[in-house]
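Please read the structure below before turning to the comments.
Order of appearance sets the numbers: ligands from 1, and atoms from 1 within every ligand. The chain is numbered in sequence order, starting from 1.
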Amino acid sequence: MTSDVIKKLNKIYAEALEEVGKGKLYAQRRVELEIKYLGRKGKLNDVFKEMAVLSDSARKEVGVLANKLKSDLKLQLGQAQLQNKKSATTITFDETIPGARPKIGSLHPITQFLERIMAVFSTLGFEIVEDREVETTVYNFDKLNIAFDHPARDMWDTFYIKIKNKKEKIKNKEESSLVLRTHTSPVQIRAMEKRRPPVRLVVPGRVYRHEATDASHETNFYQLEGLVIDRNISVANMIYVLHTVLKQLFGDKVKIRIRPSFFPFVEPGHEVDMSCIICEQKGCSVCSGTGWLEMLGAGMVHPVVLKNMKVDPDKYSGFAFGMGVDRLIMLYHGINDIRLSYSGDLRFLKQF
Ligand code: DAH
């Protein structure tokens, strides 16, 4: 009888050791084995129950053995887990590998470039003004002297916004309706509602056009508008400011030229070109062999627009300009597709 119980105990112990030696002993497996063999309802305790029928001396003998096996098994379990930990750490931990660095974001290339441009204008004493992207047609067109039948107002150029239950307002363009601003020029008018000359301001911001997108067209892009109004402002002031800014951005060698152009809100109106920075005017594909790059629109603020700003055109004059920021950035960084900036592609963005 005694020997039967002892045999059983040894058998269970051997079985337990075999299990401990099988595979890696992770913490959870260790707990499972502890419950299975050493727990209150475990296999070893089962055998204890059979001891009741034994004589006192036999029970003592078996009890001593059972307790020894129990503590041995505990030890084996502990060591096996320790062993596993050791082998795990020696295999997977290499203290010479640098730690995982947290990923740090950066400002978008457009933001970075706008900050550069605005820093240049700030040194020239310009104020930075921002305003709404959803505009009324009155500010986007009328107050800027853009006639009712001007093609810029066409549905194909402009995103009109449907006002709930007021659809007829959009059909009737004579009444004011809402548009996603097609340029930053309406902010000239908005800014002058709260200011009196002399003013010197720039307006960075997003604008929207109904365009078929390609490498050089996007439905939304950035412009930078400028406005200067004071007594005796002339085209010479305009040329000086624009030349200074372009030199600061693209280098001292840069030359500019102005050509006559038409924008309803200026008179005279100009197109400002910059000498090609890629080929230094030898002629290349970027400047189409002309040596000049079209950079911005500008002109002397139209008297009608000054009146709309409640500024007396007999006392004051001013110049205004508008540049496509994306074009400047593309030129500056040598980017050949405007859509990349808006794609959210990290492979592109991480380069800046
Ligand atoms: N608003 C014009 C455009 O989007 C750009 C422009 C031209 C702005 C001449 C001006 C300006 O202020 O004087 O094409």
Side-chain angles (χ1 to χ4, degrees), residues 117 121 126-133 135-147 150-154 156-159 179-192 195 197 199-211 216-230 233-243 245-246 256-274 293-306 308-309 311 313 316-328 338:
I117 302 180
F121 277 105
F126 279 71
E127 179 192 354
I128 293 152
V129 179
E130 284 180 294
D131 215 299
R132 70 211 67 190
E133 290 176 21
E135 240 331 336
T136 66
T137 46
V138 170
Y139 282 83
N140 196 79
F141 300 123
D142 300 73
K143 285 182 189 261
L144 288 164
N145 199 31
I146 300 174
H150 193 282
R153 298 205 189 206
D154 201 299
W156 299 112
D157 281 359
T158 302
F159 288 112
V179 294
L180 294 182
R181 67 179 176 194
T182 61
H183 52 178
T184 41
S185 304
V187 188
Q188 289 186 30
I189 310 283
R190 297 252 178 220
M192 290 311 290
R195 289 168 184 78
V199 295
R200 248 182 286 181
L201 53 91
V202 279
V203 184
R206 266 190 177 206
V207 302
Y208 302 82
R209 303 263 172 99
H210 196 296
E211 299 263 15
S216 49
H217 294 89
E218 250 297 354
T219 51
N220 71 84
F221 51 97
Y222 275 83
Q223 282 192 337
L224 187 94
E225 189 80 14
L227 178 70
V228 172
I229 303 177
D230 203 346
I233 294 289
S234 72
V235 177
N237 301 118
M238 180 191 91
I239 293 173
Y240 175 79
V241 167
L242 294 177
H243 194 194
V245 170
L246 290 174
I256 65 164
R257 72 174 185 187
I258 61 171
R259 289 177 290 120
S261 185
F262 174 73
F263 301 98
F265 31 93
V266 283
E267 183 57 41
H270 313 286
E271 203 83 55
V272 181
D273 297 343
M274 176 176 86
L293 300 162
E294 273 182 41
M295 298 303 279
L296 52 118
M300 302 306 291
V301 183
H302 198 290
V304 169
V305 176
L306 284 174
N308 290 341
M309 294 168 173
V311 173
Y316 291 100
S317 56
F319 66 87
F321 53 89
M323 46 180 120
V325 177
D326 303 71
R327 237 188 92 80
L328 297 189
I338 189 171

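Those atoms of ligand 1 that come under 4.0 Å of a heavy atom in Ala320, given as number and element, are 12 (O), 13 (O). Those atoms of ligand 1 with a heavy atom of Ala298 less than 4.0 angstrom away are 9 (C), 11 (C), 13 (O). Distances below 4.0 Å separate heavy atoms of Gln223 from the following atoms of ligand 1: 3 (C), 4 (O). Residue contact check: Phe263 has heavy atoms under 4.0 Å from atoms 7 (C), 9 (C) of ligand 1. The atoms of ligand 1 that sit less than 4.0 Å from any heavy atom of Val266 are 13 (O). Numbered from 1 in the order shown, with element, the atoms of ligand 1 that lie under 4.0 Å from a heavy atom of Ser185 read 1 (N), 8 (C). Atoms of ligand 1 lying under 4.0 Å from any heavy atom of Gln188, numbered from 1 in the order shown and given with element: 12 (O).
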Going through the distances and angles, do Val228 and Val241 end up as a side-chain contact (heavy atoms from CB on, under 4.5 Å)? CA-CA 10 Å; Val228 172; Val241 167; 5.7 Å; no
Tell me, with the steps shown, if Val203 and Asp131 meet side-chain contact (heavy atoms from CB on, under 4.5 Å). CA-CA 8 Å; Val203 184; Asp131 215 299; 5.8 Å; no
Walk me through whether Phe265 and His302 qualify under ring pair (Phe, Tyr, Trp, His ring centres under 6.0 Å). CA-CA 5 Å; Phe265 31 93; His302 198 290; 9.5 Å; no
I'd like to know whether Asp326 forms a salt bridge (charged side-chain N to carboxylate O under 4.0 Å, His left out) with Arg206, so could you lay out the CA-CA distance, the side-chain angles of the two residues, the decisive distance to 0.1 Å, and finally the verdict. CA-CA 10 Å; Asp326 303 71; Arg206 266 190 177 206; over 6 Å; no
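Looking at every heavy atom in both residues, Pro204 comes nearest to Ile128 through CD-CG2, 4.0 Å. Residues His210 and Thr158 come closest through the heavy atom pair CB-N, 3.9 Å. Annotation for Leu296 and Gly322: closest pair CB-O, 3.3 Å, computed over non-hydrogen atoms. In terms of heavy-atom proximity, Tyr316 sits nearest to Asp230 at CD2-C, 3.5 Å. Here the closest heavy-atom approach between residue Val187 and residue Arg181 is recorded as CG2-NH1, 3.6 Å.
Nearest to atom 12 (O) of ligand 1 among the protein's heavy atoms is Glu225 OE2, 2.7 Å. The single protein non-hydrogen atom nearest to atom 14 (O) of ligand 1 is Arg209 NH2, 4.0 Å, given as residue, atom name and distance.
Here the shortest heavy-atom distance to atom 5 (C) of ligand 1, taken over Gly322, Gly299, Gly226, belongs to Gly322.
The closest approach between Phe265 and ligand 1 falls below 4.0 Å for a heavy atom of the residue. Contact between His270 and ligand 1 is absent, with no heavy atom of the residue lying under 4.0 Å from the ligand. By the 4.0 Å heavy-atom criterion, His302 is excluded from the residues contacting ligand 1. In this structure, Met323 has no heavy atom closer than 4.0 Å to ligand 1.
Remark: ligand 1 and Thr182 share no N or O pair separated by less than 3.5 Å (distance only, no angle test).
Cation-pi geometry between Arg209 and Phe221 is not met: the NZ or CZ atom fails to fall both under 6.0 Å from the ring centre and inside 45° of the normal.
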